Amino acid sequence: MSLHRYLPQTEQDIAAMLADCHAKALDDLYCDVPTELRLKQPYDLPAEMSEKEVRDFFAKMRANCSTLTCFGGAGFYDHYSPAVINSIISRSEFLTAYTPYQPEISQGTLQYIFEYQSMMTALTGLEVSNASMYDGATATAEAMMMCVAAARKKNRVLISATVNPMVADVVRTYARYHKVTLEVIPEKDGVTSVEAFHEMMGAGDVAGVIVAAPNFYGIVEDYTGWAEYCHERKALLVMNCQASALAAIKTPGEWGADIAVGDAQSLGMPLNYGGPYLGYMCTTKALIRKMPGRIVGATKDEKGNRVFVLTLQAREQHIRREKATSNICSNQGLMALYATIYLSLMGPKGMQDVNALSCDGAHYLAAELAATGKMQLAYADKPFLHEFLMKLAPGVTADAVIAKAMEAGIFAGVKLADDLLLIAVTEMQSKADMDKYVSLVKSL
Amino acid sequence: MNRDFYSKLIFEHSHPGRQGYSLPRNAFAHVELPAGLTRQGALDLPEVDEPTVVRHYTNSSNNNFGVDTGFYPLGSCTMKYNPKINEEIAADPVMARLHPLQPASTCQGALEIYYTLQQALSEIGGMSEFTLNPFAGAHGELTGLMTIHAYHDSREDWGRTKVIVPDSAHGTNPASAAVCGYQIIEVKSLADGTVDVADLKSKLSDEVAAVMMTNPNTVGMFEKSIPEIAEAVHACGALLYYDGANLNPMLGVARPGDMGFDVMHINLHKTFSTPHGGGGPGSGPIGVRKGLEQFLPNPRVVKLADGTFDVVCEESALGRVSMWLGNFTVEMRALAYIMSLGSEGLMKVGPLAALNANYIMHHLRDLYLLPIEGPCKHEFVFDGLIDKSTGVTTLNVAKRLLDFGFHAPTIYFPLLFHESLMIEPTETETKETLDRFIEVMRQIAVEAKENPELVNSAPHNTPIAHPDDTEAALHPVVTYKEL
Amino acid sequence: MIKYLPSHEYARVEGNIAYVGISPYAAQQLGNVVYVDMPEVGDDVEAGEDFGAIESVKAASDLYAPVSGAVVEINEHLIDNPKLVNEDPLAHWIIKVEMTNPSELDSLLDEAAYAALCK
């Protein structure tokens with residue numbers, strides 16, 4: 001008998017193999033491990049479970065979780081996942097492959113990454129894309145380091161106060177250890193203060209500026225003149241953008257930005273309690289060799305056929321070691337495939353429609369909630385796409401709204417303060433869901 | 001199969017007006033954003049129907065090779081079998097819709113999964129506490145070094161600006177240390193592939209923040225001087241970091257914590273069987289010994305006195321390295337794997353991985369040059385063929401293997417040898433698979449002598465022939481638009 | 001006069017100008033050069049500090065300045081045709097530096113010493 005269904009060797013196999021290796025016992029293979037370091041007893045962990053027991057355990061865990069009608073956003077969006085995607089990304093050939101080091105037997109992976117890069121550049125309006133990164137926050141941190149590396153002798157980077165605070169926290173962490181001076185451009189009325197931005201750029205020692213679109217409050221800010229202002233002072237403009245929204249709002253390329261980064265979770269990826277998601281990064285052709293992460297390029301094989309390979313690898317850690325553009329060695333492969341299939345299915349029209357539906361629904365809900373008198377838009381004069389910040393009326397608290405909505409299985413939104421509630425709408429919430437939410441608020 | 005048609009890009013199947021999506025009816029009044037804030041340019045995405053999308057990606061998957069396709073002896077990558085029950089569990093429809101910021105009371109099951117895995121890894125690593133937040137091995141390394149940085153900072157020990165890394169280390173080690181703001185000092189390896197302890201000791205000082213080690217190292221040898229190294233590192237006030245890329249052969253044998261390591265990462269996509277997905281998503285949890293827990297990144301999962309779980313942030317933390325709690329569905333798979341094997345099963349993983357590696361090594365060492373003697377652990381390195389007169393290189397051998405339906409080993413790493421060919425079979429392969437691999441490797445060695453051209457021009461049976469890498473790097477074409 | 005750094009950059013000196021490039025040995029070790037990252041005209045370079053990088057398919061390495069001074073010209077042919085470095089590395093210099101401290105040349109390797117290093 002073999003020892004376990006994942007461990008095929010039988011006792012007879014083991015004996016025969018050990019004999020071939022001139023060893024008497026498996027222990028002999030560890031003769032160089034000092035006795036005092038050896039485990040004296042089995043791990044203090046539960047005994048082996050049958051597949052049924054494993055399934056039962058996770059069923060129990062599932063029973064302790066609730067799926068809610070989700071009006072929460074704050075960087076994580078509840079979009080619809082078309083059935084096609086799971087069916088394809090579960091194919092073993094994609095799922096169980098490693099990084100495509102052997103192009104002759106990895107054209108499947110390499111081709112979809114090339115398609116992914118093409119689609120992300122289409123979304124962002126920039127020229128080149130890498131093969132993806134961990135998530136939007138780490139991608140933004142990588143962009144910060146890229147600004148400093150490209151500028152060579154400057155290490156000051158500015159980040160807008162309207163960037164998602166969780167993203168900003170990750171960027172701050174990287175800045176602290178990478179020895180980048182990161183300063184926050186304050187906000188005014190829900191948008192980045194242009195006056196403060198100009199003042200902080202004054203010294204001319206800024207390597208990069210990071211802003212968001214839409215910003216953390218869902219507002220679409222006007223960045224007219226920002227790129228020119230940065231470029232005149234030899235700084236790069238980085239835009240952190242929610243990927244799906246880029247089908248509707250002015251793109252980083254159109255604003256003149258140098259780097260676009262962010263999370264592509266909004267491209268139909270399940271919330272999955274925080275991951276896996278997909279970080280993306282696009283930039284200009286001039287900066288391609290400063291960009292971290294894997295890049296796939298087209299070339300020809302010996303027979304003259306168009307094929308795809310990992311390229312510009314000389315920038316990477318396995319060759320450059322401590323001089324590499326980044327320590328990243330993987331990408332978020334399967335999630336890049338997810339985004340590629342999603343964007344293939346949606347096409348230009350689908351992306352336009354999903355944004356319109358989310359935007360229209362969000363404006364309906366915002367108006368209806370305001371009509372209850374229990375809350376109003378915090379920044380009523382600012383344009384938003386599908387997420388908005390509500391200021392609660394005196395006597396109404398965010399906790400109370402969240403608790404009340406929970407009674408009907410509704411996640412009311414993300415609490416930013418006792419009197420501030422951030423609400424997101426996607427194609428997943430129906431008009432009936434919204435009316436229910438509004439009636440609960442009314443009853444408060 | 002019609003390769004010409006199916007090797008097209010999805011863009012080349014585009015036809016104006018086709019669609020592959022469906023959305024709920026828009027029941028709302030239409031709202032327009034101000035004109036200056038909207039996208040002006042056309043969105044150049046393909047317009048394709050659902051069947052075309054499915055056929056396109058199904059065909060393109062046929063040009064790929066995964067662990068489910070065949071033997072994948074890629075050294076240092078631990079390409080073990082990825083159990084299917086784990087996939088079923090990771091596809092949970094309830095978890096799929098859990099928003100990270102929804103009230104903790106509605107995600108208790110998810111938090112319990114995270115907490116349970118955290119505890120299990122602490123036991124396996126011999127550590128006090130783990131965080132599962134880092135997204136990959138390299139991200140774990142970086143987070144681990146930040147933990148070390150935060151520890152020295154907390155002691156106002158500002159002068160520690162250097163990290164020591166062996167010359168046999170994975171490239172990520174020096175790269176991660178550089179991202180974390182450290183200068184790198186390299187330590188030599190001895191002829192047997194282990195770290196030169198005297199050289200290491202001579203480089204220790206009060207400027208050293210950490211020493212990064214892989215054990216077993218990248219040539220598959222156990223660093224038997226590790227207790228002595230740990231003592232010296234600690235005596236100079238530095239911390240010892242364990243690169244968990246090679247943890248697999250240590251399962252059931254020894255724990256990094258017991259070896260004296262202070263901080264470690266684990267690649268769940270290696271040791272704990274989660275699929276590599278063509279490059280990700282992975283997961284790189286890190287563990288720390290007692291006394292370092294407070295520096296672990298935010299957010300954290302804690303178990304409260306009443307038995308419920310919560311997510312908290314601590315002031316003492318090194319900061320945040322991820323938006324939330326890492327790649328959650330990867331964590332689910334790893335926990336399912338640990339439960340499927342259980343304590344007894346996990347105890348067997350390491351020794352069986354070592355057995356498979358040693359078995360291959362013994363059956364090929366008369367034809368391939370084995371530069372380092374002694375029982376290997378999970379992997380070993382050949383320095384090319386013994387007979388160098390044929391002109392057949394490691395690259396040629398690797399490419400020829402593809403013709404026989406095997407993935408190539410890792411090649412030209414570690415950098416210690418000119419013709420490195422690094423083989424890691426893992427414990428999930430049958431003796432028959434190993435025997436067939438040995439047979440093919442022996443046949444290639446014979447071919448190298450009798451018909452070197454056959455080997456040098458390989459591969460012959462793969463979906464594409466050898467690509468022109470130089471042209472790709474010289475004139476990078478990275479999007480459809482540029483074709 | 002031509003002098004070398006142990007990191008394989010040369011400085012070919014004509015008057016107060018140094019033509020900086022990489023040695024034939026280094027070019028051969030690198031293999032097919034696919035990209036040369038150069039500074040801009042007017043930038044200052046400092047002896048021993050990196051001023052750019054050179055990249056082949058399999059490797060990339062920083063370029064170190066043998067002497068200090070201002071970059072007065074970069075070899076623009078290398079932008080479109082980096083392979084020139086492989087064809088004749090001594091003819092295809094990378095940057096032209098107006099030296100501020102020619103005495104730095106004294107501490108560099110002469111041809112014989114450099115040749116010995118490459119053995």
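Being a predicted model, the structure only gives us computed values, none of them experimental. What's counted below: heavy atoms across the whole structure, side chains too, no hydrogens, waters or symmetry copies. Chain letters run A, B, ... following the sequence lines, proteins first, then strands; residues in each count from 1.
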Quick one, A:Asp301 with B:His466, criterion side chain to side chain donor-acceptor pair (under 3.5 Å). Give me CA distance, side-chain angles, the key distance, then yes/no. CA-CA 5 Å; A:Asp301 72 0; B:His466 188 65; over 6 Å; no
Consider only side-chain N and O atoms of [X] and [Y], and report whether a donor and an acceptor are under 3.5 Å apart.
X	Y	answer
A:Arg91	B:Ser61	yes
A:Asp353	B:Tyr21	yes
B:Asn356	A:Gln9	yes
B:Tyr57	A:Glu115	yes
A:Asn272	B:Thr329	no
A:Asp78	B:His99	no

[X] versus chain A, heavy atoms under 4.5 Å apart: side chain, backbone, both or neither?
X	result
B:Leu33	side chain
B:Ile184	side chain
B:Leu325	side chain
B:Asn358	both
B:Glu141	neither
B:His407	both
B:Met339	both
B:Ala473	both
B:Glu87	side chain
B:Leu402	side chain
B:His362	side chain
B:Pro34	side chain
B:Pro297	neither
B:Ile226	side chain

Return the minimal non-hydrogen interatomic distance between B:Leu43 and A:Ala247, and the atom names on each side. CD2-CB, 3.7 Å
Approximate separation, where rounding is to 0.5 Å, of B:Asn327 CG and A:Tyr134 OH: 10.0 Å
Could you check which of [options] has the highest count of heavy-atom pairs closer than 4.5 Å to chain B?
options	value
A:Ser92, A:Ser344, A:Pro270, A:Ala137	A:Ser344
A:Ser81, A:Pro103, A:Pro82	A:Pro103
A:Tyr98, A:Tyr112, A:Tyr174	A:Tyr98

Shorter than 4.5 Å, heavy atoms on both sides: which option in B:Glu50, B:Glu344, B:Met361, B:Lys481 has the most such pairs with chain A? B:Glu50
So, applying side-chain contact (heavy atoms from CB on, under 4.5 Å) with B:Val321, which one of A:Thr173, A:Asp169, A:Thr138 is it? A:Thr173
With a cut-off of 6.0 Å (strictly less than), are more than 12 heavy atoms of other residues, nucleotides or ligands near CZ of A:Arg176? yes
Do A:Leu3 and B:Glu427 have side chains that get closer than 4.5 Å, going by heavy atoms? no
Would B:Asp468 and A:Lys300 satisfy salt bridge (Lys or Arg N to Asp or Glu O under 4.0 Å), going step by step from the backbone distance to the final call? CA-CA 6 Å; B:Asp468 184 346; A:Lys300 289 206 163 20; over 6 Å; no
Hey, do the aromatic rings of B:Phe28 and A:His363 have their centres closer than 6.0 Å? no
Between B:Asn64 and A:Thr109, does a side chain to side chain donor-acceptor pair (under 3.5 Å) hold up when you go through it step by step? CA-CA 7 Å; B:Asn64 244 23; A:Thr109 301; 2.7 Å; yes
Checking B:Lys80 against A:Tyr6: charged group under 6.0 Å from the ring centre and within 45 degrees of the axis? no
Measure A:Leu357 against the heavy atoms of chain B and call it side chain, backbone, both or neither at under 4.5 Å. both
Do side-chain atoms of A:Thr96 reach the backbone of B:Asp68 as a donor and acceptor pair under 3.5 angstrom? yes
Side chain to side chain donor-acceptor pair (under 3.5 Å) evaluation trace for B:His30 with A:Asp360: CA-CA 6 Å; B:His30 187 56; A:Asp360 297 348; 3.1 Å; yes
